[in-house]
Amino acid sequence: MSRAVLILFGPPGSGKGTQGRLVGARLGVPHISTGEMLRERVRTNSAVAGVAAIMQSGSLVSDELVNRLVAERLEEPDARPGFILDGYPRTLEQGRYLLNWLKQRNAGELVIHLRVDYNVLIARLTKRRECPRCGSVYHLNDRPPRAAGVCDLDGTALIARADDTEPVIRERLAVYERQTLPLIEFFRAEGRRVCEVEAGESPEQVADAISRLVRVPASEAGRNG
Ligand code: AMP
């Protein structure tokens, strides 16, 4: 493919952000997370209070807003050689918008479906902590910071995301099942290549599995696969 376009697909907690950063660095393409873009907007623009409330409830913000943010981001020069999408598309409407965008630019894409056991997702999300300054992600059991409660890189106090509380996590998982998972069938119906990756392993092992898929031409990996 001329551009390396990867769509990281999977429920909250499946490791899309971690893989986006790892694989993005390996491929030399930007990791584009709509969740991060929206959180950044909420931090810097008080006019989007409605968006913050939607995010804290675990629902999805409007397709119109997200499609516009993504379209603007994809026109930036660093996305020309390719990009990794994390958390987008999340609805059929967004899926149609993205495939149309790619078609107009003659670009192919690879969908990576990260699969993780439901209980592992809950454990990962309730114990996730983030650095609000540099975005580093920790896990209280599996990847704790060296000094309790502060970021290894810049010493900032770690926080739990506002939507990483158990009731909101359950809502986000329900929204995923209802609104996002049907995209897998949509991609397949559109003849796109969907690769299943078991994502319960260590981040490096999962990144190796994804990197192997990126190198295999679609004809060998099998479409719809
Ligand atoms: P994430 O960081 O991907 O877990 O996203 C956090 C929250 O941002 C989600 O629960 C949604 O409220 C919102 N969000 C992120 N990406 C999208 C999207 N593609 N469409 C709609 N809402 C989104």
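One-based numbering, in listed order, for ligands and for the atoms of each.
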Chemist: For ligand 1, which atoms, with element, lie under 4.0 Å from some heavy atom of Arg172?
Modeler: 4 (O)
Chemist: Is it true that Glu36 lies under 4.0 Å from ligand 1, counting heavy atoms only?
Modeler: no
Chemist: Any atoms of ligand 1 less than 4.0 Å from a non-hydrogen atom of Arg39? List them with their elements.
Modeler: 2 (O), 6 (C)
Chemist: Can an N or O of Pro89 be found at a distance shorter than 3.5 Å from an N or O of ligand 1?
Modeler: no
Chemist: Is the Lys NZ or Arg CZ of Arg192 less than 6.0 Å from the centre of Phe187's six-membered ring, within 45° of the axis?
Modeler: no
Chemist: Any idea which protein heavy atom is nearest atom 16 (N) of ligand 1, and the distance to it?
Modeler: Thr34 OG1, 2.8 Å
Chemist: Who's the nearest protein heavy-atom neighbour of atom 22 (N) of ligand 1, and how far?
Modeler: Val61 N, 3.2 Å
Chemist: Which of the atoms of ligand 1 are close to Tyr88, meaning less than 4.0 Å from one of its heavy atoms?
Modeler: 19 (N)
Chemist: Considering distance alone, does some N or O of Gly87 sit under 3.5 Å from an N or O of ligand 1?
Modeler: yes
Chemist: Distance under 4.0 Å to a non-hydrogen atom of Gln94: what atoms of ligand 1 satisfy this?
Modeler: 18 (C), 19 (N), 20 (N), 21 (C)
Chemist: Please tell me if the side chains of Val70 and Arg73 come closer than 4.5 Å, counting only heavy atoms from C-beta onward.
Modeler: no
Chemist: Between Arg161 and ligand 1, find which residue part has any heavy-atom pair under 4.0 Å and reply side chain, backbone, both or neither.
Modeler: side chain
Chemist: Are Asp63 and Gln94 close enough, and set up right, to give a side-chain hydrogen bond (donor to acceptor under 3.5 Å, both in side chains), and what steps lead you there?
Modeler: CA-CA 6 Å; Asp63 291 330; Gln94 295 176 18; 3.0 Å; yes
Chemist: So for Lys16, does at least one of its heavy atoms come nearer than 4.0 angstrom to any atom of ligand 1?
Modeler: no
Chemist: Flag the pair Ile7 / Pro89 as yes when at least one side-chain heavy-atom distance between them is below 4.5 Å, and no otherwise.
Modeler: yes
Chemist: Among Arg124, Arg128, Arg129, find the residue that satisfies the side chain to side chain donor-acceptor pair (under 3.5 Å) test when tested with Asp164.
Modeler: Arg128
Chemist: My understanding is that we take every heavy atom of each candidate and find the minimum distance to atom 18 (C) of ligand 1. Doing that for Glu93, Arg90, Gln56, which one comes out nearest?
Modeler: Arg90
Chemist: For ligand 1, does Val66 get within less than 4.0 Å through its side chain, its backbone, both, or neither, judged by non-hydrogen atoms?
Modeler: side chain
Chemist: Can you tell me if CZ on Arg146 sees more than 12 non-hydrogen neighbours from other groups inside 6.0 Å?
Modeler: no
Chemist: Is the ring pair Phe9/Tyr176 parallel, tilted or perpendicular, if the boundaries are 30 and 60 degrees?
Modeler: tilted
Chemist: Measure the distance from atom 7 (C) of ligand 1 to every protein heavy atom, then report the residue, atom name and distance (to 0.1 Å) of the closest one.
Modeler: Met55 CE, 3.9 Å
Chemist: Compare all side-chain heavy atoms of Leu110 with those of Cys195 and state whether any distance is below 4.5 angstrom.
Modeler: yes
Chemist: Using non-hydrogen atoms of the residue, decide whether Ser59 is closer than 4.0 angstrom to ligand 1.
Modeler: yes
Chemist: Check ligand 1 against Leu38 and write out every atom of the ligand that is under 4.0 Å from a heavy-atom position of the residue.
Modeler: 8 (O), 13 (C), 14 (N), 15 (C), 23 (C)
Chemist: For Ala199 versus Leu114, what's the shortest heavy-atom pair and its separation?
Modeler: CB-CB, 3.8 Å
Chemist: Hey, mind stepping through Arg26 and Asp208 against salt bridge (Lys or Arg N to Asp or Glu O under 4.0 Å) and telling me if it holds?
Modeler: CA-CA 10 Å; Arg26 288 187 188 187; Asp208 288 345; 2.9 Å; yes
